[in-house]
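Numbering of residues begins at 1 and proceeds along the displayed sequence. Scope of the values below: all heavy atoms of this structure, side chains included, with no hydrogens, waters or symmetry mates.
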Amino acid sequence: MYQETYDDEEFVGNIDVVADSYANVDEIEDVDVDDEELLMQAQAGVQSIPEQVRTFLGYLHRNLQNGNVNDLTYNYENQFPKLSEKFYAKASWPEPQYVAALVNDDGLFLILYRELYYRHIYSRLHPSLEVRFRSFENYCDLFNHILNSDGPTDLELPNQWLWDIVDEFIYQFQSFCTHRSRLNKLAEEEVALLKENSQVWSTYSVLNVLYSLIQKSNIAEQLRTQQQGGDVAEVAGEFGVRPLYKMLGYFSIIGLVRVHCMLGDYTLALQTLEGVELGNSRALYTRVMACHVSVYYYVGFAYLMMGRYADATQAFVHILTFVTRTKQYQQRQQVDAANKKVEQMYALLAVAVSLSPVRVDENIHAQLREKYGDQQHKIQRGGEEALDVISELYLFACPKFITPNPPNYELPEVVVEPQAYQLRTFLREARLQLVVPTLRSFLKLYTTMGIDRLSSFLEMEPAELKNQLMVYKQRCRQVKWDGGSDLLSGELVPSTDLDFALEMDMIFIAESRVGRRYADWFIRNANKVQDLVVSLENMQKSVVANAGKPQTPDTVVA
């Protein structure tokens, strides 16, 4: 098993191998000054790698060659983050050309190492345009090795690493599109490079990779056959039966959902998940927590943008409940990575519940009230203040949208802001929906009510109020997903627990009340009492332990 520390380990690496690509001093008598300096720099670069890092790279290389997935998982999920924090918190990992000496210039390992190397730069430093280009080239090398080999490659990687490869590939694509669109902040040399290399990180290239991985693995056919109860192995093919291809194809489906949401095509995003069973606790996306959270985040956001607030609320509540109940059993790195998405989903849930009020899980409701109680109250009051609050929450929680095409380099002042466009689109729909919480707050107070009385409360004309009530009636009926693999399907049902009928100038209100779930209430409060008892017992033990000890001025209570 891989060791927890490396201090007592000794790794013997062939440091001089890296010099072969520059010069061999023993065989070449006339060496230029530049070559000598280059050789010295190379040797110094290898020797500057800390011993613990050399040992880690040696173990990682050995486990990769032997296909030890369990040890690779430990290397990747535990040791790589620890070494990054210890040695490279504010610097990049060693240059790949120096690492080549430690792994006998293993091409496949160096491709995977460069993937980690560039990913670390993106997460801790500010990547230059050259780094963005080189990272794209390295991803091309990796996917070419996987997709264009004569037969299935023998490479085996942990599921977490495979997900991170797909997820980081899409993230760097989004980051490049954002960087490319800020023409006023780019130097002339950078603009010239972008013009000459228009195919680097192009939308077509990224989509081509994801669709190629899906096609190579036959994952769509596998999922369809599995739902029908057939033999998955018959349709998987020689590539699809390998875990590497199967999981990369599956994660590419999830990645496509993210890409389509970033491009603003929410219908296609939900269509992409046709073979993925949401709510299935044994689905493949549950094997990686970050993937699990990502699926529901983008599904919920797509529903929100399509005006299906009840479905968005259901998606957010489902995954937030799962994270709350299982985070103590997950690895800390996975929980930390999911925390940002969790906070974003709480913000989106606050918007969805405010625009279309429904009952949610009491634990989630308590968290929501604690985090965004004030904002929800402002939204329910309506007016321009409500739109400002919705805009703030939306911009915090929405994905980073991109434009599929490069900007017009000849007119740098004409910049299309996809973020602002999507916000305007959402606010156009939300403005009409704001009538629902306002009217609902008044209608809940009565079983029958006259138009004149309600119009006086709302300070509007009776004719205008009737129009608002019709809008309310229409807005409270939404298409709701009724299960199955088609996330776009559903039945038109009331989306609120409050309904009414209008006869002449009289409003008849009917509210469907859901009984309190007493079991959850007692369990939750019993846990609170238990925590209080434990806290009091600890305080009592502390008092007894300190009894008789001389008190210092710091411990004396005034």
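Looking at Arg308, its side chain never comes within 3.5 Å of a backbone N or O of Tyr303 through a donor-acceptor pair. Of the possible donor and acceptor atoms, one in the side chain of Thr425 sits under 3.5 Å from a partner among the backbone N and O of Tyr421. With Ser356 contributing its side chain and Ala352 its backbone, the two residues share no donor-acceptor pair below 3.5 Å. In this structure a side-chain-to-backbone donor-acceptor pair under 3.5 Å is missing from Thr225 to Gln222.
Between Tyr285 and His292, the ring planes are tilted. Angles from 30° to 60° get that label. Using the six-membered ring where Trp is involved, Phe133 and Phe176 have ring planes that are tilted, between 30° and 60° apart. Classified by interplanar angle (parallel below 30°, tilted 30° to 60°, perpendicular above 60°), the ring pair Phe169/Trp201 is tilted. Below 30°, between 30° and 60°, or above 60°: for Tyr122 and Tyr171 the angle between ring planes is above 60°, a perpendicular geometry.
Nearest heavy-atom pair, Ser175 versus Arg132, reported as atom, atom and distance to 0.1 Å: OG-NH1, 2.9 Å. The heavy-atom pair separating Phe316 from Tyr296 by the smallest distance is CE2-O, 4.1 Å. Between Met289 and Ala338, the closest heavy-atom pair is CE-CB, 4.2 Å.
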Residues Glu362, Arg369; criterion salt bridge (charged side-chain N to carboxylate O under 4.0 Å, His left out); working and verdict: CA-CA 10 Å; Glu362 292 191 15; Arg369 185 171 52 192; over 6 Å; no

Walk me through whether Asp167 and Arg258 qualify under salt bridge (charged side-chain N to carboxylate O under 4.0 Å, His left out). CA-CA 9 Å; Asp167 189 59; Arg258 177 181 177 182; 2.7 Å; yes

Go through Asp164 and Tyr76 one step at a time and tell me if the side chain to side chain donor-acceptor pair (under 3.5 Å) criterion holds. CA-CA 11 Å; Asp164 288 341; Tyr76 177 77; 2.5 Å; yes

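A heavy-atom distance below 4.5 Å is found between the side chains of Leu256 and Ile214. Tyr250 places none of its side-chain heavy atoms less than 4.5 Å from the side chain of Arg287. Counting heavy atoms from C-beta on, the side chains of Ile170 and Met262 come closer than 4.5 Å. Looking only at side-chain heavy atoms (C-beta outward), Leu129 and Leu186 stay at 4.5 Å or farther from each other. Counting only heavy atoms from C-beta outward, the side chains of Tyr74 and Gln79 approach each other to under 4.5 Å. Trp161 is listed as a side-chain neighbour of Glu115, based on a closest heavy-atom distance under 4.5 Å.
By the 6.0 Å contact criterion, CG on Asp531 is enclosed, its count of non-hydrogen atoms from other residues, nucleotides or ligands being greater than 12. Within a 6.0 Å radius of CD in Gln215, no more than 12 heavy atoms belonging to other residues, nucleotides or ligands are found.
Considering Val351, Leu355, Val353 as possible partners of Tyr309, the one that fulfils the side chain to side chain contact (heavy atoms under 4.5 Å, CB included) test is Leu355.
Here Phe322 and His318 keep their ring centres 6.0 angstrom or further from each other. Aromatic pair Trp163/Phe251: ring centres closer than 6.0 Å.
A salt bridge between Glu384 and Arg431 is present, with a side-chain N of the basic residue lying under 4.0 Å from a carboxylate O of the acidic one.
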